[in-house]
**Q** 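Structure in structure tokens, see below.
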Amino acid sequence: NAGVMQNPRHLVRRRGQEARLRCSPMKGHSHVYWYRQLPEEGLKFMVYLQKENIIDESGMPKERFSAEFPKEGPSILRIQQVVRGDSAAYFCASSPGTVGRNTIYFGEGSWLTVV
Amino acid sequence: AQKITQTQPGMFVQEKEAVTLDCTYDTSDPSYGLFWYKQPSSGEMIFLIYQGSYDQQNATEGRYSLNFQKARKSANLVISASQLGDSAMYFCAINFGNEKLTFGTGTRLTIIP
């Protein structure tokens, strides 16, 4: 049973370009979460999605960031017109139901570097 | 306000000794879940252990155990018989009854041979 799969693991973008990060949840998991980790900090919640629905995007920056989890295919975190401050590790996580005893499993992360 | 605190930015422990990593939290919500994750230098987040606020017994998973003191609002991670491979960042996280995990700032643990 494969874990949460994220790609790419490492991504370098120039300022102003777009970054697309992909996440395939664990088999049987219908809940996907995105977190961001700035250097030397803990993870910060960004967005929670279920298939075709954004449930909670309270942690998403208001501009340039968007997320989707289509009926078919992986979840995508999209960052438009990247700036240096977007450089961070972006973690996707999935769970089979609401967070709790079902627990939540993280992918290996995608490291975005903006130059 | 709900928050979670890890007061130890870094710890050095001799191999084979036990180590306790501190985590305190502040919430008025009676229902919550506590998680510990390990992040080695390779970067992935590895789930270690979970404790529900209504669980009667402290959680254990192999060498990991959780010293859960609900009245004191603390959920310290205990690693017994530490190994060199335990060197990593350790994050405490809490779920306050919604879908978000709130993370502490982490503790960098270094095991000394």
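Throughout, a chain's letter reflects where its sequence line sits, starting with A, and its residues are numbered from 1.
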**Q** Under 6.0 Å between the ring centres of B:Y37 and B:F91?
**A** no
**Q** Do any of residues 108-115 of chain A have a heavy atom less than 4.5 Å from a heavy atom of chain B, and if so, which, in residue order?
**A** A:E108, A:W111
**Q** Walk me through it: do B:D86 and B:R63 pass the test salt bridge (charged side-chain N to carboxylate O under 4.0 Å, His left out)?
**A** CA-CA 11 Å; B:D86 294 333; B:R63 293 187 299 114; 2.8 Å; yes
**Q** Would B:F103 and A:F45 count as a close aromatic pair, with their ring centres under 6.0 Å?
**A** no
**Q** Should B:L101 and A:V47 be regarded as members of a common hydrophobic cluster, given that ILVMFWY residues are connected when their side-chain heavy atoms come within less than 4.5 Å of each other, either directly or indirectly?
**A** no
**Q** Just wondering, are more than 12 heavy atoms of other shown residues or ligands nearer than 6.0 Å to CD in B:Q14?
**A** yes
**Q** Going by residue number, which parts of residues 50-60 of chain A are within reach of chain B, meaning a heavy-atom gap below 4.5 Å?
**A** A:D56, A:S58
**Q** Compute whether any side-chain donor of one residue and acceptor of the other, for B:Y64 and B:S80, lie under 3.5 angstrom apart.
**A** no
**Q** So do B:F47 and B:F35 actually touch side chain to side chain, heavy atoms under 4.5 Å?
**A** yes
**Q** Quick one: are A:V32 and A:C92 in side-chain contact, heavy atoms under 4.5 Å?
**A** yes
**Q** Under a 4.5 Å heavy-atom cut-off, does chain A meet the side chain of B:T102, its backbone, both or neither?
**A** neither
**Q** Would you indicate whether the side-chain heavy atoms of A:Q6 and A:W34 approach each other to under 4.5 Å?
**A** yes
**Q** Please say whether more than 12 non-hydrogen atoms of neighbouring residues, nucleotides or ligands are located less than 6.0 Å from CD in A:Q81.
**A** no
**Q** So, do A:E41 and B:T105 sit near enough that their side-chain heavy atoms are less than 4.5 Å apart?
**A** no
**Q** What parts of residues 62-79 of chain A touch chain B if we use heavy atoms and a cut-off under 4.5 Å?
**A** none
**Q** Which side-chain N or O atoms in residues 4-13 of chain B pair as donor and acceptor under 3.5 Å with protein atoms at least two apart or in another chain?
**A**
unit_1, atom_1, unit_2, atom_2, d
B:Q6, OE1, B:C92, N, 3.0
B:Q6, OE1, B:G106, N, 3.1
B:Q6, NE2, B:Y90, O, 3.0
B:Q8, OE1, B:D22, N, 2.7
B:Q8, NE2, B:D22, OD2, 3.4

**Q** Heavy-atom count around B:K70 NZ within 6.0 Å, excluding the residue itself: above 12?
**A** yes
